[in-house]
Structure formats: structure tokens, C-alpha cells
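Reading through the C-alpha cells given below for one structure.
Treat the numbers as computed from the prediction; the structure is a model and nothing was measured.
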Amino acid sequence: MMVEGGIRGRGTAVVIGGGLAGTLAAWALRGHAERIVVVERDRYPARPDFRAGLPQGRHAHLVLEAGHRVLEELMPGIREELLAAGAVRVPLAPALRWLSSAGWMAEFESEIAFLSCTRPLLDHTVLDRVRGESSIEFLEGTEVTGLLGTARALTGVRVRERGQNPGEAREIPAELVVDASGRSSALPSWLAELGCRPVPEERVDAGVAYASRLFHRPPGLELDYSALYLQTKGPEAPRLGVLLPVEGDRWIVSVGGMRGAEPEPGEAGFDRQLGLLRDPSMRELLAGAEPATDVRGFRPGPGVRRRYDRSAPEGLVVTGDAACTFNPVYGQGVTVAALGARALGAAVARHDGIGHAAAAAGRRGVAAASRNAWTMSASEDVRFPTTTGGPTGALVRFQHRYLDKVLARATTDPLVCSAFQNVMSLVSPPAALFHPAVLASVLRGGAPR
């Protein structure tokens, strides 16, 4: 077996997975490692396009307000690059028509917005920026087959080229290993091979499944909004739909449902799910739209939060979906990946390099970056009786009752609606819903202020 590189582990960081979480992590490490190697199973397309290694990439994605703020902080100018490439800025009010479980959200002028585009456009724009950094190299068409080191500390990874004639296995020594390989990460089994004890984890599974399709926006269509979100309403209405504007004057539309209310396969299943949504507006809007793609289905599997901040060998950081996956209906994944990259960058900057102390701080930072998003999504998932796992008890029941009051008030009071949207955009923590002004409005009810 060949050994690649010079002095073992000196100044090298390996990032497993070259998707969005991986490229952002590599970018965050620049200037703190002499060499950063991104190992990606796929080969990148020459232009923005869907790829096999990212099945969720064909479905609706957005970058929440907190997410594009962090992207801009990490990569100054990236927001304008995305907008120039066709991404659409959607203010949460009034450009988004949002039917919550309590009714239509109040309309008001808001500075909070999300960026909407296809996942390939987002990934490609970020990748172009990262490829311009001389200290970052990419091994495309290459897979990690295992870890080097012991249960106490990692010293690198073992890789080989993929294809009909796989290349010879080789080792890449490294001081830092970052796993950003997504939901299907093999890290737990690799750690078991080293004798590590299982990582503590939390799981919740609402059984969500969805189907998506791109549509051409009808020419000449005039609307007073640009995006539409029809949310679930608990067990009695467990289906949802989202319509988002994307590049090329198109819409991406995803319809889904929790366990027992999943869309049936194909075009017929997509159309039937549209007809079963709580409100007919999305179905009516698409009646005059020409499909741009076939229907694609996806079952993301359970939400899992793996606590690598509590148990991991030295020299390891895990970020993105490999660390924490959510029910995708809340739109948190891209933003949490960006927050995790920022936390990793702050850790290596604080510890002046990529040593063990920086890795430990990075693990804590990534865990903190996902905490609020996980708490919100897991607590909402358990509203559905077919959900398995997730938090239970008196505190969760209190959260549900209070949030129901918040949502009811958000249909009429812009102050409460704004506070809720800031929390959902990961700009404010959930505790912001208990701000005295918000709390007073929620408890008072009646006419808006």
C-alpha cells in the first residue's frame, strides 16, 4: 500500500465529501492547513447539473436568511454571484404566501428573505469559488474506504479511485479529518473498525416522502407573490407543498406527506398529491404551467443528530448531514451546513491551526450550530402520531400549545409573525418567541397591535 504525502499528518486536512457541506468546510480551513484534500465520489459536471451522488438535489432547496448571511461572511460577494446566476431573493413577507397550520401568515414589509435556486446552481457557484483556492485540491471519482489511526486519534484516511478498474488503495496522512459525506456517511462503521464506542445519537422519523418537478413559468403571468408554501396541519392534514422560483424563469415544486400520506409514484401520484393539499391555489397555479422535467420522488429517511461533540477520536470533525439530518420540509439543511463551516473556521482560527484542540472546538461548534434547528424540527415532527422517536413529555406538549398560539396570532399581528419568521430563518433563537412584546400579544389575542 502506498503512502501519499510527506511528513505524516503535518499540515494536511482531508475533507470526505465534496458537496456543499464539504466545499464550505474546505473553504473555512484555508489559511490554517498547508494542504486541504477534498475526496469526492462523483465527478463534477462542467456546468450546474444534477448528479447521482446527490439524490436530494432534484428537490426544492432554499438558503434561509441566516444561511446567506453566513455565506456572504465566508465568501464575500457570493450572494451577488448567486443572484447574477439566476437565484431569486424572496422576502418572507409579502413575496412568500405561507399557509401555516393556523392560516395564512400576516402580510407586512420584511427585510428577512431566503435565496431560492436549484441545488446544482448553489453547489456549482460555491465550488467555483473554492476551486480558486490554491491550497485546496480535489480528488474526484475517489472514495474513502477507511480511516487511519486508533480509537484515540485519527491520522488520516485510506482512499481509492472508483470506476470499472478501481485504482490501488493508498493512504493520505492528515492532522485533521472532516466528514461531510452526508446522510449515507460510513463513518460510524469506520469508527467501529477502530474500536470506538458508538456515538450517542437522537432520532426522529416522521416518514416524510416527497416528489418534485420543475415547471416553466407561464409567460406574462402576473402575481403579487413569488413563492408559495402550504404547510401541514397536524394529523388531520399531513400533506404539504412548496413552489419556489428558480433560475431560468422556472418554478421548482415539491409535494410531500408524512407517513401514511406520502405521494404515490410518478406524474399521476404528483398530480393526486397536489389535489389533496389543504388549499387549491398551488394546483390552480400549475394548471397553466408547462412541465420542464419528469417527476422525481425521494425518501430522505429519519432525522438523526449524532453527538460527535460527546464522543469522537482526536483529529475528527463531522459536519453537514453526516452530523445532523433534518426533515427537509423545514428547509434548514443548507443553512446549518453553512453555520457548521463558520464554526469550524472559528475553531481553527482560535487555536491557530488544525491540531487536536481545534478539532475538539470544531466538534462543539458544529453541534451548537445545529442545536436550535434540531430542537424545532424534531419537536414539530412528533406532532404526527405515526412519527417514531423524537422528544416527548410535558415540555414538548407545552411547546406545542404555545406555538399554536403564536401561529394563530401570526395570522393577524405582524410583530408576532416577524418574530416567528426570524426564528424559522435561524436568525433568532426559539427563546425570541418569549420576548415580552411577543408574549403579551400572544396571550392577549384579539385584534393586532
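- Put simply, the side chain of Ser379 never gets that close to the backbone of Met376: no donor and acceptor are under 3.5 Å apart.
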Inset, instruction - Please lay out, stage by stage, how Glu140 and Arg41 fare under the test salt bridge (charged side-chain N to carboxylate O under 4.0 Å, His left out). - result: CA-CA 6 Å; Glu140 298 179 51; Arg41 288 169 53 88; over 6 Å; no
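- Between Asp42 and Arg51, at least one side-chain nitrogen of the basic residue sits less than 4.0 Å from a carboxylate oxygen of the acidic one, meeting the salt-bridge criterion.
- The closest side-chain heavy-atom distance from Val246 to Trp251 is not below 4.5 Å.
- The number of heavy-atom neighbours closer than 6.0 Å to CZ of Arg213, taken from other residues, nucleotides and ligands shown, is above 12.
- Side-chain atoms of Glu65 come within 3.5 Å of backbone N or O of Ala113 as a donor-acceptor pair.
- With a 4.5 Å cut-off on side-chain heavy atoms, Leu403 and Arg383 count as touching.
- Arg160 places none of its side-chain heavy atoms less than 4.5 Å from the side chain of Val144.
- Figure legend: cation-pi geometry between Arg97 and Tyr225, with NZ or CZ positioned under 6.0 Å from the six-membered ring centre and within 45° of its axis.
- Looking at heavy atoms from C-beta onward, Ser311 lies in side-chain contact with Arg197 at the 4.5 angstrom threshold.
- Side-chain contact annotation: Asp49 with Tyr44, donor-acceptor N/O pair under 3.5 Å absent.
- Interatomic distance, Leu99 CG to Leu240 CG, rounded to the nearest 0.5 Å: 11.0 Å.
- Open room surrounds CZ on Arg371; 12 or fewer heavy atoms of other groups in view lie less than 6.0 Å from it.
- Although no hydrogens or angles enter the test, the distance criterion places a donor-acceptor pair under 3.5 Å between the side chain of Thr23 and the main chain of Gly19.
- At a threshold of 4.5 Å between non-hydrogen side-chain atoms, the residues Leu62 and Val334 do not count as touching.
- A donor-acceptor pair is defined here as one N or O able to donate and one able to accept, closer than 3.5 Å; such a pair exists between the side chain of Ser377 and the backbone of Ala373.
- Nearest heavy-atom pair, Pro245 versus Ser226, reported as atom, atom and distance to 0.1 Å: CD-O, 3.2 Å.
- Side-chain atoms of Glu175 come within 3.5 Å of backbone atoms of Gly11 as a donor-acceptor pair (strictly under, hydrogens ignored).
- Note: Ile36 CD1 to Ser135 OG = 4.0 Å, rounded to the nearest 0.5 Å.
- Leu121 CG to His61 NE2: the interatomic distance, rounded to the nearest 0.5 Å, is 12.5 Å.
- Between Trp374 and Phe326, the ring planes are tilted. Angles from 30° to 60° get that label.
- The closest donor-acceptor contact from the side chain of Arg305 to the backbone of Ala367 lies under 3.5 Å.
- Here the NE2-CZ distance, from His59 to Phe298, works out to 6.0 Å after rounding to the nearest 0.5 Å.
- Side-chain contact between Ile112 and Pro91: absent, with no pair of heavy atoms (C-beta onward) separated by less than 4.5 Å.
- Judged by distance alone, with hydrogens and angles left aside, the side-chain atoms of His124 form no donor-acceptor pair with the main-chain N or O of Arg119 at under 3.5 Å.
- With no hydrogens or angles considered, no side-chain donor-acceptor pair links Thr387 and Asp381 at under 3.5 Å.
- Using a 4.0 Å cut-off between charged side-chain N and carboxylate O, Arg203 and Glu201 make a salt bridge.
- For the pair Glu262 (side chain) and Tyr210 (backbone), a donor-acceptor distance under 3.5 Å is absent.
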Inset, instruction - Take Arg152 and Glu314 through the test salt bridge (charged side-chain N to carboxylate O under 4.0 Å, His left out) and record every step on the way to the result. - result: CA-CA 6 Å; Arg152 180 179 176 82; Glu314 300 290 352; over 6 Å; no
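- Once rounded to the nearest 0.5 Å, the distance linking CG of Leu83 with CD1 of Ile78 reads 10.5 Å.
- In this structure, Glu72 contributes its side chain and Gly77 its backbone to a donor-acceptor pair below 3.5 Å.
- Checked against the 6.0 Å centroid criterion, the rings of His68 and Phe114 do not qualify as a close aromatic pair.
- No side-chain donor-acceptor contact under 3.5 Å links Ser110 and Gln421.
- With Val38 as the fixed residue, the side-chain contact (heavy atoms from CB on, under 4.5 Å) test singles out one of Leu139, Ile16, Ile136, Val14: Ile136.
- Rounded to the nearest 0.5 angstrom, Arg250 CZ and Arg217 CZ are separated by 13.5 Å.
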Inset, instruction - Could you please spell out the steps behind the salt bridge (charged side-chain N to carboxylate O under 4.0 Å, His left out) verdict for Glu81 and Arg79? - result: CA-CA 5 Å; Glu81 289 180 26; Arg79 190 159 40 197; over 6 Å; no
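- No donor-acceptor pair closer than 3.5 Å links the side chain of His351 to the backbone N or O of Gly353.
- Side-chain contact between Arg239 and Thr232: absent, with no pair of heavy atoms (C-beta onward) separated by less than 4.5 Å.
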Legend entry - Worked verdict on Ser101 versus Gln231 for side chain to side chain donor-acceptor pair (under 3.5 Å): CA-CA 6 Å; Ser101 58; Gln231 199 174 352; 5.6 Å; no
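- Taking the six-membered ring for Trp and the full ring otherwise, Trp98 and Tyr229 have centroids separated by under 6.0 Å.
- Side chains of Arg35 and Ile172 form a contact here, defined as non-hydrogen atoms less than 4.5 Å apart.
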